[in-house]
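These notes concern the structure reproduced below.
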Amino acid sequence: MSAGSAKARLAELGIELPAVVKPLAAYVPAVRTGNLVYTAGQLPMQDGKLAGAGKVGAEVSPEDGKELARLCALNALAAVDSLVGIDAVIQVVKVVGFVASAPGFSGQPGVVNGASELLAEVFGDRGAHARSAVGVAELPLDAPVEVELVVEVGS
């Protein structure tokens, strides 16, 4: 896959980048420093509303959590696109996924795979990244998952 084909690949996959999610507090959706773009943590927002709520392993199944993590990653890509354009991405560097977990739930890596798999679909080898999948007690708005990205971009 060529460096400038992320937008074409999204179209090929039938995926449309959503509008950038409006920040819930005092921050911006994405910041560039040098050749890196850091996104704020992105919740599974769809059409201005949370697409799911609750703890993974209780009210939210791991499979649904995985789909919500995919949506979080899509929102993060929208934030990157709004700042530098999606085709500027050279490499996905790091993904951090937070999973609001029911007591005893330890499947966070499988949930965050929803984000990782989307990035692989869109960017191919350039979507391979380092990652953390962290179980947490609570997330904003009772979201089940939150995902943030660090991507390398061209000039």
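Index from 1, following the sequence. No hydrogens, no waters, no symmetry mates; every other heavy atom, side chains included, goes into these values. It should be emphasised that the depicted structure is a prediction, and the values quoted were computed from it without experimental measurement.
At least one side-chain heavy atom of M45 sits less than 4.5 Å from a side-chain heavy atom of L50. Side chains of L119 and L77 form a contact here, defined as non-hydrogen atoms less than 4.5 Å apart. Counting only heavy atoms from C-beta outward, the side chains of E59 and D142 never approach each other to under 4.5 Å. For the pair L141 and L139, the minimum side-chain heavy-atom distance is 4.5 Å or more. Residues N113 and R131 have side chains in contact (heavy-atom distance under 4.5 Å, counting atoms from C-beta outward). K7 has its side chain within reach of D81: a pair of non-hydrogen atoms, C-beta onward, lies under 4.5 Å apart. Between V122 and V92, every side-chain heavy-atom pair lies at or beyond the 4.5 Å cut-off. K66 has its side chain out of reach of E63: every pair of non-hydrogen atoms, C-beta onward, lies at least 4.5 Å apart.
Other residues, nucleotides and ligands place no more than 12 heavy atoms under 6.0 Å from the OH atom of Y38.
Atom CZ of R9 and atom CZ of F123 lie 11.5 Å apart (nearest 0.5 Å). The structure places NE2 of H129 at 10.0 Å from CD of Q91, a figure rounded to the nearest 0.5 Å. Here L36 contributes atom CG and I90 contributes atom CD1; the two are 10.0 Å apart, rounded to the nearest 0.5 Å. A distance of 5.0 Å separates CG of L43 from CD of E146, quoted to the nearest 0.5 Å.
Closest of all the heavy-atom pairs between L74 and P18 is CG-CD, 3.7 Å. Listed here is the closest heavy atom pair of A69 and V111: CB-O, 3.4 Å. The two residues G97 and V112 come nearest to each other via the heavy atoms CA-CG2, 3.9 Å. Considering all non-hydrogen atoms of both residues, K94 and S132 come closest at NZ-OG, 3.4 Å. For S101 against F105, the heavy-atom pair with the smallest separation is OG-CD2, 3.8 Å. Between P44 and C72 the shortest heavy-atom distance is N-SG, 3.4 Å.
Under a hydrophobic clustering in which Ile, Leu, Val, Met, Phe, Trp and Tyr are joined whenever their side-chain heavy atoms come within less than 4.5 Å, directly or via other members, V145 and L71 fall into different clusters. Placement of L83 and V21 in two distinct hydrophobic clusters is found when ILVMFWY residues are connected by side-chain heavy-atom separations under 4.5 Å, directly or transitively. Hydrophobic clustering of Ile, Leu, Val, Met, Phe, Trp and Tyr side chains at less than 4.5 Å, counting indirect connections, unites L149 with L13. V20 and V147 fall into different hydrophobic clusters, where Ile, Leu, Val, Met, Phe, Trp and Tyr side chains are chained together by heavy-atom contacts under 4.5 Å. Under the 4.5 Å side-chain contact rule for hydrophobic residues, V37 and V150 do not share a cluster.
Of the possible donor and acceptor atoms, none in the side chain of E121 sits under 3.5 Å from a partner among the backbone N and O of L10. Using modelled atom types, no side-chain atom of S5 and backbone atom of A8 make a donor-acceptor pair closer than 3.5 Å.
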